[in-house]
Structure formats: C-alpha cells, structure tokens
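Okay, structure first, notes after.
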Amino acid sequence: MDDLLQITLLSLAVSGVATSISLLIGLPLGTVLALSVFRSRGVVLSVVNTGMALPPVVAGLAIALLLWRSGPLGDLNLIYTPTAIIVAEVVIATPVILGLSAAGIGQLDPRLQVQLQGLGASRYQTVWWLWREARLSLLAALMAGFGSVISEVGAAMMVGGNISGQTRVLTTAIVLDVGRGDFGTAIELAGILLALAFIVNGVLTWAQQSGRRG
Amino acid sequence: MRLDQPLAASEGPVDPNARTSPPVLEIRDLRVVRGGRQVLGIQQFAVDAHETVAVVGPNGAGKSTLLLALSLLIGQQEGRLLLHGEVVTPRLALHLRRQIGLVLAAPMLLDTTVRQNVAAGLRFRGIRGQQVSTRVDHWLDRLGILSLRDRHARELSSGEAQRVSLARAFVLEPEVLLLDEPFSSVDAAARSQLIDDTERLLRETSRACVVVTHDLDEASRLGTRMAVIIDGQLRQDDDPQTVLSAPYDEDVAAFVGVQTRLLGRIESVQDGLAAIEVDGCRIEALSTLAPGRQVMCCLRPEDVTLRVSGQAGPATSARNRLTGSIVKIVVKGPFVQVTVACGPIIVADVTRASATEMGLREGQLVEATFKATAVHLIGLQQ
C-alpha cells in the first residue's frame, strides 16, 4: 500500500512539476510566437508543430544520451532520477503547450491588442489581458500538456529506469506488472492512473467552463 | 517605428498660423508604408483643445491608419508626433497612449462585466479603489447604461456594446479622444440616438476629439473641422461648411456629394462675376480666376431648383437658368434626385412632395435654376 501511494505521489509530482515548467516556458514563447511577425515564423511554427508530435521514446532517448554517465551532462548524475524524468517530460510537454498557446492567442481578434494598447495598457498588461481572453484555449493547452506526460511511459522508463522506491511511476509500474503477468496489480494501477488523470483534468475543465460562463 | 526625425530645413515650420498655444496632438511628415507602397502621407495634421476633427474619406483611404498613427500603434510609421508641442518618442509611446482614449469601430469589449470593461483603462493607469467605482458609475450614467453595469459584455446589443466602448474611453477623461467609425457597428435604430449622445458629451466635455467616419452627416454633426483623406493624402482640412460647399479638388467634390461637376473655360470676368462656357452653355459664377482659365464648375444638388418648362414661376435672382429634359429620376429617402440634360448634365435634389406635385417624369422638359454663388469653381492646371 505504501508502495502504491509512493508511486502515485511520484507520478503526480513528476507530471505536475514537468507540466508547470512546460507552462512557464511554453506560454511566454507561445505568446511571442502568436503576436510577433518575423521572417522565419513559418519555420518556427513547423518545428513547434513537429515537437507536438514528438514520440516520447525519442525525447527519452535524447535526454538519456545527454544524461548518460559518459554523456555531455553525465557529471550531473541525473540519469535514473525523478529529475531526469521531469527533464524528459518537459521536452515532451513544452511543444504541446507552446503550440496550443500560440494557436489560442493567435485566434484572438488582432484588434483586441490594439484596443488594449489604445486604452493605455502596458506591454505586460496587454499580454495579461490577452491571456485572460484566451483562457479557455490556454487551459486546454495545459490539459493537453498534462495529459501528454501523465500517460507517458517510454521516456520515463528510459531515463528513470523504473527503480522501485525511486523512479517508479504509475505507467512504468504497469508495464512492469504486465511483464510479470501480475494483471491484477496492473489493472489496479491503471485505475489509479485513470482516476488521477480524471481528477486533474476535471479540475481544469471546471476552471475552463467557469471561465466560459465569465 | 521611426519617429523624432527633424523636419527638412527647406520645409520650414509647419503651419505657423499664429497659434497662441500648440495643438493638443499633432503629427508632422507622417508616412506609412505597407508592402513597399505608401498608404498614408500627411505633411501635417493637428487637433486643438476643444475641437472635434471629423476625418472623412472613402473606404481604404487611410483614415483609420491616421488614427492608429496618432496613437503610435503602427509599426511602420515615420514622422514626428507632438503632444502639447512636445515630441513623443517611441520610448514615450505608453505615456502618449495614457493621454488618449481610443474607440474602435467594433466595440472589442473584454470578456467580463460592463463595469470591469469600463474600469480597465483606469486600472491600466494604476487607479484603484473607490475612485474607479465612482468614475465608472458616473460615465455609465452619462451614457445611459448604468443599469447594465453588472451585465456580462457578451450579453449586450450592438448599440449597448458601443456605448460601453465609448464610456470606457470617456471615463479616462483623456487629452484626446480618438474615435474610429464609432457608430458603424450599431444598428440603425440605436445609431441616431448614440450620435446625439456622443455629440452632446463632446460638447459638454469640450474634449479634443478626432472622429473617423465615411458618413458626411455624422461628420457634419460632430465635427467643428472636417479633414478629407483620399488615397492616403490629406486633401482638405477646413470647417465642414467650406468642405461641403467649396471642395479643394474634384476628388473631394465627388466624395462630399457634389454631383454636378462640369469642365469649362472662363470667357470673361466682370465685377467678380465670371461667365463660363460649358458644353455650349453659359454659366455664371463668382470667381477670382482670370479669363481663359480652365475650370471645373461644382454645384451641389440641393442648390438647384427645378421648374416645369412653360409654367409660370416666382421671380428669382438666380443668374443661371438652363433648360433641358429629365433623363433619370432616383428616389433617395425623402428626396428625389433628378438628372437633367441641359447640354451639361445638371443634378438636382427635390423633395418627394414637390416631385409629385410637379408631376416630374423622365423625358419632361424642365428649367434648372441656380445662383452664381452656388457654383464653386476649381481652377485646373493649364
């Protein structure tokens, strides 16, 4: 039972921290991408969109190569730690949040920005109100980002190593239990994973729908 | 954005018309280029305290671009912007924008309550607390929408939404109000009342205002001055009556509804009264131009009187009487617009009642009468 709780809490913590970091990176960059006009904007958008479809195992492989003991960042001794999983999940979730944020803000009427500035809003006040106006899309971006990491297994396995009591999260534990033929535990873990995803997304959906009502 | 460029020495000071104080807002040597094409080029435009400048012109002429340039909201603008005579550099753009109140054609309300919308600009300026509520309620009341203050912006009609947008600008009590087609999104029923209320508030607050419109009636009602922009150029900037009765060039004449525009040549001038030969007819008009000069005779349709040929009519001092047959009759609201081929084509507005009483019909012979003072002459290049 303690193991179960520890795995669940670690899953929640790793996914939560990774999503938060991705939000901190993806939202400002998505805003810049949505509001800026520059020559290579189309190329950048293509890269971001490709990143949204990045297979987790590819992200895991890249991070594993970086953090491997003989790799460029091997001295940090992060491989097979929760931090390594968080780094991999940030790589997975950031393009999702960035791309969907850019799309959400880009869908706002461009005259809204003009109107805000014409009312005397500073740059930061303008961005804050644009986020507020795009909050439904931004919450959807957040849900998609969280969904992409809570359900991810390949990268967590590769850079976390699925070490009991240290880096085992719900998805990697399910894979292990299925491999052992322990379907009962696997189903139990899957239920917890589903419940966790449901609760977090439920809260975000509630916030989103509250926003819709105004 | 390139601003704060010195004026070219050869151009000298702009408009030294003996102003005792600098205009509230002024722009000099404005140039806006998009896609390699100049869309707006204005040497000087200014708005003084207590005046409302109506900027008119056809769609796409550059009116709204001028308004955005006055707010430093266009990336590709060159020129110098001055607030109370002080140059506004791009670094001071936010300071400038906090002295203006901008209203766009679409209300662009924020996804929140009416009260929060009207308070937004005040909050941007760091104003908080009771002062916000007091000012918001005051202006909601003056615009007749106090009862809507807790309603969500998305639940408003077009007229209500634009009133909120106007309240959001008025509440800032800015140095200059910049209104971009503020009534165009409002349905006809609410429009007239909204124009009345805006006119009243502008008069009561004596606030400097630039209002962009393509509607000449709106411009005449609201504007103490009228600026005509055509093809990105400021063609005329005068009091509304002068613009309507004495347009600077043919494009302005066409835009302000001068339907009769006739090419002619001045044959003689005596005591300021010129005789002009137009398509084999002789038209008299007041003029300071010399004989032999090619001119365009401009005549507003409401200045032409029609009489059915052969019928007796009252004696008149009008110098011009041309007889011709009606070639077209078009009903335009309370008026009937009658086109008469007298040699030159003359267009006249008559009321529907008069048209009915006179039994006007196409092909009928009529006499078109107009005063020499009603004809405005535009001298053409030789």
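Chain identifiers are assigned alphabetically (A, B, ...) following the order of the sequence lines, protein sequences preceding nucleic acid strands; residue numbering begins at 1 within each chain.
- Summarising the geometry, atom CG belonging to A:Asp109 is positioned 9.0 Å from atom CG belonging to B:Leu104; distances are rounded to the nearest 0.5 Å.
- Two residues are said to be in side-chain contact when any heavy atoms from C-beta on lie closer than 4.5 Å; B:Leu94 and A:Arg123 fail this criterion.
- The environment of B:Glu86 atom CD is sparse: at most 12 non-hydrogen atoms of other residues, nucleotides or ligands sit within 6.0 angstrom.
- For B:Arg37, the CZ atom counts as loosely surrounded, since its 6.0 Å shell holds 12 or fewer non-hydrogen atoms of other residues, nucleotides or ligands.
- B:Leu172 has its side chain within reach of A:Leu119: a pair of non-hydrogen atoms, C-beta onward, lies under 4.5 Å apart.
- For A:Tyr124, the OH atom counts as loosely surrounded, since its 6.0 Å shell holds 12 or fewer non-hydrogen atoms of other residues, nucleotides or ligands.
- Looking at A:Gln115, the atoms closer than 4.5 Å to chain B (heavy atoms on both sides) sit in the backbone and in the side chain alike.
- Heavy atoms of B:Leu122 lying under 4.5 Å from chain A are absent altogether.
- Closest approach of A:Arg111 and B:Ala106 over heavy atoms only: NH1-CB, 3.6 Å.
- Options B:Leu178, B:Leu110, B:Leu109 differ in how many heavy-atom pairs under 4.5 Å they form with chain A, and the most are formed by B:Leu110.
- The CH2 atom of A:Trp129 lies 5.5 Å from the OG1 atom of B:Thr112; values are rounded to the nearest 0.5 Å.
- For B:His138, the NE2 atom is densely surrounded, since the number of other residues' heavy atoms within 6.0 Å is greater than 12.
- Of the listed residues (B:Arg123, B:Arg125, B:Met108, B:Arg154), the one with the most heavy-atom contacts under 4.5 Å to chain A is B:Met108.
- The closest side-chain heavy-atom distance from A:Ser122 to B:Arg97 is not below 4.5 Å.
- Closest approach of B:Phe124 to A:Gly120, counting heavy atoms only: CB-O, 3.6 Å.
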